[in-house]
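This report concerns only the one structure given below.
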2 protein chains.
Amino acid sequence: MTSRPFAAAVETLRGAGLRPTRQRLSLARLLFEGDDRHVTAEQLHSEAEREGVRVSLATVYNTLHQFTDAGLLREVVVEAGRSYFDTNTASHHHFFEIGTGALTDIPADQVSIGALPAAPDGVEIDSVDVIVRVKRPAH
Amino acid sequence: MTSRPFAAAVETLRGAGLRPTRQRLSLARLLFEGDDRHVTAEQLHSEAEREGVRVSLATVYNTLHQFTDAGLLREVVVEAGRSYFDTNTASHHHFFEIGTGALTDIPADQVSIGALPAAPDGVEIDSVDVIVRVKRPAH
DNA sequence: ATAGCTGCAAATGCTTTGCAAGGCC
DNA sequence: GGCCTTGCAAAGCATTTGCAGCTAT
């Protein structure tokens with residue numbers, strides 16, 4: 001019989017209108033089984049290779065974007081020239097460690113944003129991101 | 001006699017420990033005369049060329065980073081793969097318009113951040129960035 | 001004079017794309 | 001079978017760097 005997590009991953013992909021291919025299934029399991037995580041394309045690609053999954057880096061990029069478009073992932077921009085993808089799509093914020101590049105969640109209820117100014121002219125608010133940049137003090 | 005803004009730009013550079021070269025002076029005047037602004041390296045380079053200032057793009061990048069290190073500019077990361085430099089170094093936040101890439105200041109006193117969680121383990125808070133992403137509603 | 005700058009072009013790092021071959025329905 | 005996916009390699013961007021020549025002090 002088919003294992004549970006496997007079936008769950010198939011469902012996730014089907015629900016997103018994506019064919020459950022070997023590559024997408026492997027990446028989905030790496031991403032969504034277990035705790036929430038923050039990955040770069042490069043990281044996910046190495047991880048897949050380490051697990052013996054053959055996937056090209058281009059496919060990892062394509063897949064991450066497809067998952068993002070499907071609402072399964074959220075893209076987090078904290079550093080010029082590098083994209084992080086967050087498996088936690090709920091509203092929340094981030095600690096970003098300068099130097100190591102480590103990203104950590106801040107639950108939404110631990111940051112309260114008071115008065116936000118109204119959006120200018122003809123635009124509407126899409127999202128509010130709070131990034132708390134932290135660093136290790138000079139030794 | 002030497003014009004006022006010119007002298008001011010020389011002072012700014014001297015204060016930052018940077019030699020007042022022709023290129024740095026021109027860029028400083030484009031950046032700091034007039035209102036606060038948000039520029040990318042590419043934008044500043046085009047603007048310089050339009051004004052007849054000969055500067056290479058590499059020098060614009062180097063200069064923007066030197067100014068940032070000197071505390072004259074602040075780097076703002078809102079989009080993967082593109083850096084904005086903000087002439088307003090005071091604490092404040094941003095509206096970012098998805099689609100056009102337009103950046104607008106939100107004065108610090110118009111956003112109140114309530115309880116922030118303590119920084120994890122051995123790190124200290126460096127800065128807190130709030131980015132309000134806005135977009136033009138589907139027509 | 002000399003330490004610091006600049007410009008060019010090449011190199012880099014991340015990401016995207018074109019297209020032929022392969023896999024799912 | 002037909003359409004969606006994949007992989008590779010090439011292309012694309014924004015940015016950085018090496019180094020010879022120029023410039024402020």
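The figures that follow rest on heavy atoms only: side chains count, while hydrogens, waters and symmetry mates do not. Chain naming here is simple, since letters A, B, ... match the order of the sequence lines and numbering starts at 1 in each.
For the OP1/OP2 pair of D/dT23 and a distance below 4.0 Å, the side-chain nitrogens and oxygens of B/Gln23 include no atom meeting the criterion. For the OP1/OP2 pair of C/dT6 and a distance below 4.0 Å, the side-chain nitrogens and oxygens of B/Thr59 include no atom meeting the criterion.
Between B/Phe96 and B/Tyr84, the ring-plane angle classifies as perpendicular under the 30° and 60° cut-offs.
The distance from atom CG of B/Leu13 to atom C1' of D/dT23 is 15 Å, rounded to the nearest whole Å. Rounded to an integer number of Å, the gap from CD of B/Glu79 to P of D/dC13 is 15 Å. Distance CG (B/Asp69) to P (D/dT16): 11 Å, rounded to an integer number of Å. Here C/dC5 presents its P atom at 6 Å from CG of B/Leu18, a figure rounded to the nearest Å. Nucleotide D/dT23 holds its C1' atom 13 Å from the CZ atom of B/Arg54, rounded to whole Å. In this structure, B/Arg24 places its CZ atom 11 Å from C1' of D/dT23, rounding to the nearest Å.
Not counting sequence neighbours, A/Gln23 has no partner by the side chain to side chain donor-acceptor pair (under 3.5 Å) test. In this structure B/Thr40 satisfies the side chain to side chain donor-acceptor pair (under 3.5 Å) test with no other residue, sequence neighbours excluded. Applying the side chain to side chain donor-acceptor pair (under 3.5 Å) test to B/Ser127 and every residue at least two apart in sequence or in another chain returns nothing. By the side chain to side chain donor-acceptor pair (under 3.5 Å) test, B/Glu11 is found to be paired with no residue, residues two or more places apart in sequence or in another chain being considered. Residues forming a salt bridge (Lys or Arg N to Asp or Glu O under 4.0 Å) with B/Asp126 (at least two apart in sequence, or on another chain): A/Lys135.
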| note | B/S/- along nucleotides 20-25 of chain C (protein heavy atoms under 4.0 Å) is ---BBS
| field | Base-contact (B) and sugar-phosphate-only (S) positions in nucleotides 11-18 of chain C, heavy-atom cut-off under 4.0 Å, - elsewhere | value | ---SBBB-
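The salt bridge (Lys or Arg N to Asp or Glu O under 4.0 Å) pairs that include a residue from residues 116-125 of chain A are A/Asp121-B/Arg136, where partners are two or more places apart or lie in different chains. Contacts classified as salt bridge (Lys or Arg N to Asp or Glu O under 4.0 Å) and involving residues 56-78 of chain A (residues at least two apart or in different chains) are given here: A/Arg74-A/Asp129. Applying the salt bridge (Lys or Arg N to Asp or Glu O under 4.0 Å) test to pairs two or more places apart or on separate chains, those with a residue in residues 41-56 of chain A are A/Arg37-A/Glu47.
Ring-centre distance between B/Phe85 and B/His65: below the 6.0 Å cut-off.
With axes fitted over five pairs at each extremity, the angle between the ends of the helix from C/dA1-D/dT25 to C/dC25-D/dG1 is 30° (10° resolution).
Under a 4.5 Å side-chain heavy-atom criterion applied to ILVMFWY residues, the cluster that includes B/Val132 comprises A/Phe95, A/Ile106, A/Val111, A/Ile113, A/Leu116, A/Val123, A/Ile125, A/Val128, A/Val130, A/Val132, A/Val134, B/Phe95, B/Ile106, B/Val111, B/Ile113, B/Leu116, B/Val123, B/Ile125, B/Val128, B/Val130, B/Val134 as well.
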